[in-house]
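Notes follow the structure.
We count residues from 1, following the sequence as given. Basis for what follows: all heavy atoms, side chains included, without hydrogens, waters or symmetry-related copies.
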Amino acid sequence: MTAKKQVVIIGAGVIGCAIALQLSRKGYHTLNLDKNPEVGYGSTSNSCAVVRFSYSSLTTTALAWEGYHYWADWENFIGIEDERGLARYHQCGHLMLRSSEEDRPHVVEFYKALGIPYEQWDNAEIRKRLPLFNTDICGPVVPVDDPKFWEEPAVDGEIAGGVFAPNAGYIGDPQLATHNLRRAVEAAGGKFRLGVRVTAIERHSGRVSAVCLDGGETIAAGIVVNASGPYSGTINEMAGVLDGMAIKTRALRREVHHLPSPPEFDFEHKGVMTSDDDLYLYFRPEIGNKITIGSGDPPGDPQVWVDDPDHFNREFTESQWTAQVYRAARRIPALPIPSRASGVVDLYDVSDDWVPVYDCSDLPGYFMAVGTSGHQFKNAGVVGDLMAELVDACERGWEHDKNPLLYKCRYTDEVIDTGAFSRNRNLTAGSSFSVRG
């Protein structure tokens with residue numbers, strides 16, 4: 001194989017493994033590097049692994065709709081047996097509550113344009129399907145240290161129903177899904193080096209040439225792909241490509257909390273994923289008849305940006321726990337609130353506008369799949385294919401910066417202008433600037 005056919009992928013989370021799979025299937029020799037002892041042990045393992053389609057632009061919605069089809073066809077897509085079994089897709093559906101009639105009307109328009117099945121639920125239907133839900137207006141959201149946090153809502157009336165997408169769901173074991181990808185990569189000839197750290201990225205004659213490891217080893221590489229999650233900014237700095245990026249990434253600390261479902265309702269089997277913009281929360285069924293609760297980044301809540309992903313507070317904070325669970329209790333009045341926090345604390349890899357960067361760089365041979373945490377797990381399959389197409393096109397001489405690649409989706413036949421994910425784009429108009437993307 002020529003040097004240009006040898007690809008080093010920095011990161012062995014769900015995105016890095018999906019990219020390796022599709023490149024391997026194209027005949028590239030791939031090597032994934034990761035500091036963790038197994039694939040999917042970084043931020044991937046703590047992903048809520050939600051698959052939904054309510055995005056802020058038609059392009060990102062189309063990507064998510066295509067991404068769903070990989071999970072629905074997971075066994076055929078993986079194409080091999082895994083001794084641990086295959087990850088299961090739980091198709092529970094996704095309900096987007098609408099605080100008013102003016103709340104995100106574009107979502108329905110995007111669903112119509114892309115042929116995504118959906119249903120309009122009025123409040124009576126919501127209470128019928130989810131009798132534990134209170135359909136009153138519960139906002140506006142205020143910070144937990146504001147005395148008004150404990151007061152009754154100032155606005156009378158009910159929410160404006162919701163939009164339900166029945167094909168949506170979640171992956172119950174994101175680490176297992178990543179292990180499935182690993183086994184498929186290995187079957188296609190790809191390799192993994194785990195428990196190693198990247199310390200430098202070398203270039204020669206104006207092109208990426210090697211990756212250096214903490215033990216002093218240098219690995220020759222004609223192509224390098226940064227899929228390192230919360231470490232993406234650090235890796236881009238090593239590669240010397242930050243000055244050529246209008247959109248950059250940072251690591252953001254997140255807490256997701258697990259609470260028991262009210263005893264009279266089986267949320268694990270009868271609940272649905274729910275986005276609640278009235279309270280800036282999302283809910284997801286969890287194994288053990290629990291409810292996973294995450295933040296939708298309300299104004300006024302602090303965001304904790306982390307400069308060193310190896311050192312951050314991994315303990316639950318009383319303020320975030322209180323804010324999320326007591327807001328959730330407004331929507332679910334019978335929600336049991338334990339005296340002790342449980343759930344996960346980890347980092348998101350976030351771009352300036354919360355839209356990922358899937359792109360080449362100013363350094364020939366160096367590519368990026370970054371800014372992905374929190375809302376791109378669902379897209380691992382399609383992103384792997386998109387990035388493989390992009391790498392292959394650029395290595396064959398395609399001038400992607402001048403003429404962004406048009407990616408043809410394999411399941412839905414949609415055509416995606418990958419310029420929407422350029423490192424040099426303007427801030428994405430209409431972005432939620434939150435985990436909604």
Side-chain angles (χ1 to χ4, degrees), residues 1-24 28-45 175 178-179 181-183 185-186 188-242 245 248-251 306-312 346-347 349 357 360-373 384 387-388 391 395:
M1 251 178 215
T2 64
K4 288 187 178 182
K5 280 283 189 179
Q6 299 177 41
V7 185
V8 169
I9 300 166
I10 303 173
V14 71
I15 298 290
C17 288
I19 294 170
L21 177 57
Q22 300 295 52
L23 283 170
S24 294
Y28 286 83
H29 178 69
T30 66
L31 173 65
N32 286 73
L33 305 175
D34 201 289
K35 72 180 185 66
N36 291 298
E38 179 56 280
V39 301
Y41 269 29
S43 56
T44 288
S45 64
Q175 200 281 321
T178 312
H179 192 269
L181 288 167
R182 175 183 180 172
R183 288 293 182 251
V185 170
E186 291 169 334
K191 305 294 183 183
F192 291 84
R193 288 280 304 277
L194 304 173
V196 298
R197 287 179 177 270
V198 173
T199 57
I201 296 174
E202 296 184 349
R203 60 177 72 195
H204 180 71
S205 300
R207 183 182 174 90
V208 69
S209 62
V211 172
C212 303
L213 305 182
D214 53 356
E217 181 181 359
T218 298
I219 300 174
I223 302 168
V224 173
V225 181
N226 179 3
S228 60
Y231 292 82
S232 68
T234 300
I235 297 298
N236 283 338
E237 185 175 13
M238 288 182 190
V241 300
L242 288 177
M245 299 176 64
K248 297 180 175 63
T249 58
R250 294 187 291 172
V306 175
D307 294 327
D308 182 358
D310 286 326
H311 299 93
F312 67 98
D346 215 318
L347 298 178
D349 177 32
V357 174
C360 59
S361 72
D362 290 355
L363 175 60
Y366 182 85
F367 298 83
M368 298 173 284
V370 301
T372 58
S373 295
M387 287 298 300
V391 169
E395 291 304 299

Worked check of side chain to side chain contact (heavy atoms under 4.5 Å, CB included) between T199 and C212: CA-CA 6 Å; T199 57; C212 303; 3.8 Å; yes
Euclidean distance, I9 CD1 relative to S24 OG, rounded to 0.5 Å: 7.0 Å
Minimum-distance pair of heavy atoms, taken over all atoms of L194 and N36: CB-O, 3.3 Å
Passing option when R197 is tested against D310, L213, L33, D34 for side-chain contact (heavy atoms from CB on, under 4.5 Å): D310
Rounded distance (nearest 0.5 Å) linking atom CE of M238 with atom OH of Y231: 10.5 Å
Heavy-atom closest pair, residues S45 and G40: CB-O, 3.0 Å
Euclidean distance, T30 OG1 relative to L21 CG, rounded to 0.5 Å: 8.5 Å
CD on Q175 to CD on E38, rounded to 0.5 Å: 5.5 Å
Minimum heavy-atom distance between Y366 and S361, given as atom pair plus value: O-OG, 2.8 Å
Side chains of E395 and K5 in contact at under 4.5 Å (non-hydrogen atoms): no
Trace of the side chain to side chain contact (heavy atoms under 4.5 Å, CB included) decision for M245 with L242: CA-CA 5 Å; M245 299 176 64; L242 288 177; 4.2 Å; yes
Check against side chain to side chain contact (heavy atoms under 4.5 Å, CB included), I219 and E202: CA-CA 10 Å; I219 300 174; E202 296 184 349; over 6 Å; no
Sequence-distant partners of D214, salt bridge (Lys or Arg N to Asp or Glu O under 4.0 Å), two or more places apart: none
Distance-only side-chain donor-acceptor flag, S232 / T249, under 3.5 Å: yes
E237 CD: over 12 foreign heavy atoms closer than 6.0 Å: no
Taking every non-hydrogen atom, the tightest pair across C17 and V185: O-CG2, 3.5 Å
Contact summary for S209 and H204, nearest pair of heavy atoms: OG-N, 3.6 Å
Shortest non-hydrogen contact between A227 and I19, atoms and distance: CB-CD1, 4.4 Å
Full working for side chain to side chain contact (heavy atoms under 4.5 Å, CB included) between V7 and F367: CA-CA 10 Å; V7 185; F367 298 83; over 6 Å; no
With sequence neighbours excluded, residues passing side chain to side chain contact (heavy atoms under 4.5 Å, CB included) with R250: W305
Donor-acceptor pair, side chain of N32 and main chain of G16, under 3.5 angstrom: yes
Spacing of R203 atom CZ and L363 atom CG [to the nearest 0.5 Å]: 4.5 Å
Any donor-acceptor pair under 3.5 Å from D349 side chain to G371 backbone: yes
Pairwise distance CD1(I201) to CD1(I235) - rounded to 0.5 angstrom: 5.5 Å
